[in-house]
Amino acid sequence: MGAMHNLFTLLTLLSLITSVTHACFLTAKWNLYVISNIEDDIVVHIKSGDDDLGNHTIPFNGNYNWSFCDRIDGHTLFYGYFWWGSKFTSLALFDNELRGPCALSKESGQHCYWLVRPDGFYVSAYNRTFDDNYYYWTLKKHWD
Ligand SMILES: *[C@@H]1O[C@H](CO)[C@@H](O)[C@H](O)[C@H]1NC(C)=O
Ligand SMILES: *[C@@H]1O[C@H](CO)[C@@H](O)[C@H](O)[C@H]1NC(C)=O
Ligand SMILES: *[C@@H]1O[C@H](CO)[C@@H](O)[C@H](O)[C@H]1NC(C)=O
C-alpha cells in the first residue's frame, strides 16, 4: 500500500516535471512542419483522435508546425485536410507508417517535414529546399 502510493506519487511528479519542461513522459516527442511551396494561400485543418488543431492558412513558403508526444500504445495519428482554391485533399500526416521516413535524428528530436507542392504532398526527415534536393523528399499523395 505504502510502496504503491510512493510509486504513484513519483509517477505523478515525473509527469508534472515533463509537462512543465515540454518534454514527453516515456515516449518520443515529434515536431511536425507543413511547408507550402504553392504560390497562393492554402488552408489546412489538422486533427487527431484527441486533438483538433483547427484551420490554418499557410502562405507561399510559410509553414504551420506543432509538436506532440507519442502515445504510450504507439497509435498516434494526425490527419490533414487541405484546401487550395477549388482543390481538396486529405491524407495522414503522422501514423505508424510515417514513423519510418521521419524517424532519424534522435539527438535533435524527431522531425517530420511535409512539403505541399502543386503536384502533391512530399515528406522528409530533413528540411531541404526541393529543387536541388528532391531525392530527400518522398511523394506521398497527389492533389485529388
Ligand atoms: C476550414 O477551412 C475550409 C476551407 O476554407 C472551410 O471549408 C471549412 O469550413 C473551415 N472549417 C472551419 C472549422 O472553420
Ligand atoms: C513554428 O510556428 C510558429 C508559429 O506558430 C513560428 O513562430 C515558428 O517560426 C515556426 N517554426 C519554424 C521552425 O518555422
Ligand atoms: C527550412 O529551412 C529554410 C532554410 O533553408 C528556413 O528558411 C526555413 O525556416 C526552414 N523551415 C522550417 C519549418 O524549419
Side-chain angles (χ1 to χ4, degrees), residues 5-144:
H5 182 254
N6 285 344
L7 181 63
F8 183 74
T9 308
L10 181 68
L11 288 177
T12 308
L13 206 65
L14 281 175
S15 66
L16 197 68
I17 290 168
T18 52
S19 70
V20 167
T21 57
H22 300 286
C24 292
F25 184 55
L26 299 180
T27 64
K29 181 174 183 173
W30 290 84
N31 303 284
L32 267 83
Y33 306 81
V34 178
I35 303 164
S36 174
N37 278 179
I38 289 179
E39 295 184 32
D40 216 345
D41 282 356
I42 62 167
V43 174
V44 60
H45 187 176
I46 294 163
K47 273 195 332 196
S48 74
D50 312 324
D51 284 310
D52 186 337
L53 305 181
N55 265 4
H56 298 275
T57 300
I58 310 178
F60 180 41
N61 286 336
N63 86 83
Y64 175 71
N65 62 82
W66 76 104
S67 51
F68 56 89
C69 297
D70 221 346
R71 278 169 44 156
I72 287 209
D73 65 12
H75 290 298
T76 309
L77 174 69
F78 278 92
Y79 234 78
Y81 304 82
F82 292 85
W83 290 267
W84 170 27
S86 59
K87 290 176 192 277
F88 171 79
T89 299
S90 64
L91 73 161
L93 297 178
F94 188 83
D95 62 13
N96 275 335
E97 190 215 320
L98 289 161
R99 222 175 272 279
C102 289
L104 284 173
S105 50
K106 291 265 190 319
E107 333 67 59
S108 59
Q110 310 276 25
H111 299 271
C112 199
Y113 296 91
W114 282 94
L115 199 57
V116 184
R117 297 181 54 83
D119 63 332
F121 300 79
Y122 294 79
V123 71
S124 176
Y126 304 97
N127 171 27
R128 295 287 154 87
T129 55
F130 189 80
D131 293 330
D132 303 326
N133 305 286
Y134 58 88
Y135 41 83
Y136 278 99
W137 296 97
T138 306
L139 178 65
K140 282 291 178 186
K141 201 172 178 193
H142 291 286
W143 284 92
D144 288 338

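Just so it is clear, the structure is predicted and the values come from calculations on it, not from any experiment. The basis for the numbers below is simple: all heavy atoms, side chains too, and nothing from hydrogens, waters or symmetry mates.
Smallest separation of non-hydrogen atoms from Leu53 and His56: O-NE2, 2.7 Å. Leu93 and Leu32 get closest at one heavy-atom pair: O-CD2, 3.4 Å. Counting all heavy atoms, side chain and backbone alike, Leu77 lies closest to Ala92 at CD1-CB, 4.4 Å. When all heavy atoms of Cys102 and Gln110 are compared, the closest pair comes out as O-OE1, 4.3 Å. Taking each heavy atom of Trp84 and Asp41 in turn, the nearest pair found is CD1-O, 4.5 Å. In plain terms, the two heavy atoms of Trp143 and Pro118 that are nearest each other are CD1-O, 3.3 Å.
Distance check, rounded to the nearest 0.5 Å: CG of Leu115 to OG1 of Thr138 gives 11.5 Å. One finds the OH atom of Tyr122 at 11.5 Å from the OH atom of Tyr134 (value rounded to the nearest 0.5 Å). Atom NZ of Lys47 is separated from atom OH of Tyr79 by 11.5 Å, given to the nearest 0.5 angstrom. Atoms CG and OH, from Asn133 and Tyr126 in turn, are 12.0 Å apart once rounded to the nearest 0.5 Å. With rounding to the nearest 0.5 Å, the separation of OG in Ser36 from CZ in Phe121 is 9.0 Å. With rounding to the nearest 0.5 angstrom, the CD1 atom of Ile46 is 11.0 Å from the OH atom of Tyr81.
Note on residues 119-138: no pairs pass salt bridge (Lys or Arg N to Asp or Glu O under 4.0 Å), not counting sequence neighbours.
A parallel orientation is assigned to the rings of His111 and Tyr113, their planes being inclined by less than 30° (bins at 30° and 60°). In this pair, Trp83 and Phe88 present their aromatic rings tilted. The plane angle is within the 30 to 60° band.
Here Phe78 pairs with Trp66, Phe68 under the ring pair (Phe, Tyr, Trp, His ring centres under 6.0 Å) rule; sequence neighbours left out.
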Run the side-chain contact (heavy atoms from CB on, under 4.5 Å) check on Asp70 and Cys24 step by step: do they pass?
CA-CA 8 Å; Asp70 221 346; Cys24 292; over 6 Å; no
Can you list the steps and then say if Val116 with Ile35 is a side-chain contact (heavy atoms from CB on, under 4.5 Å)?
CA-CA 6 Å; Val116 184; Ile35 303 164; over 6 Å; no
Test side-chain contact (heavy atoms from CB on, under 4.5 Å) on His45 and Asp52 and set out the steps.
CA-CA 8 Å; His45 187 176; Asp52 186 337; 2.8 Å; yes
Step by step, would you call Asn96 with His75 a side-chain contact (heavy atoms from CB on, under 4.5 Å)?
CA-CA 7 Å; Asn96 275 335; His75 290 298; 3.6 Å; yes
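Under the 4.5 Å side-chain criterion, counting only non-hydrogen atoms from C-beta, Trp114 is in contact with Leu98. Arg99 places a side-chain heavy atom less than 4.5 Å from the side chain of Phe94. In this structure the side chain of Asn61 reaches within 4.5 angstrom of the side chain of Asn37, judged on heavy atoms.
Within the 3.5 Å criterion, the main-chain N or O of Arg71 finds a donor-acceptor partner in the side chain of Thr76. Between the Lys141 side chain and the Ser90 main chain, a donor and an acceptor come within less than 3.5 Å of each other.
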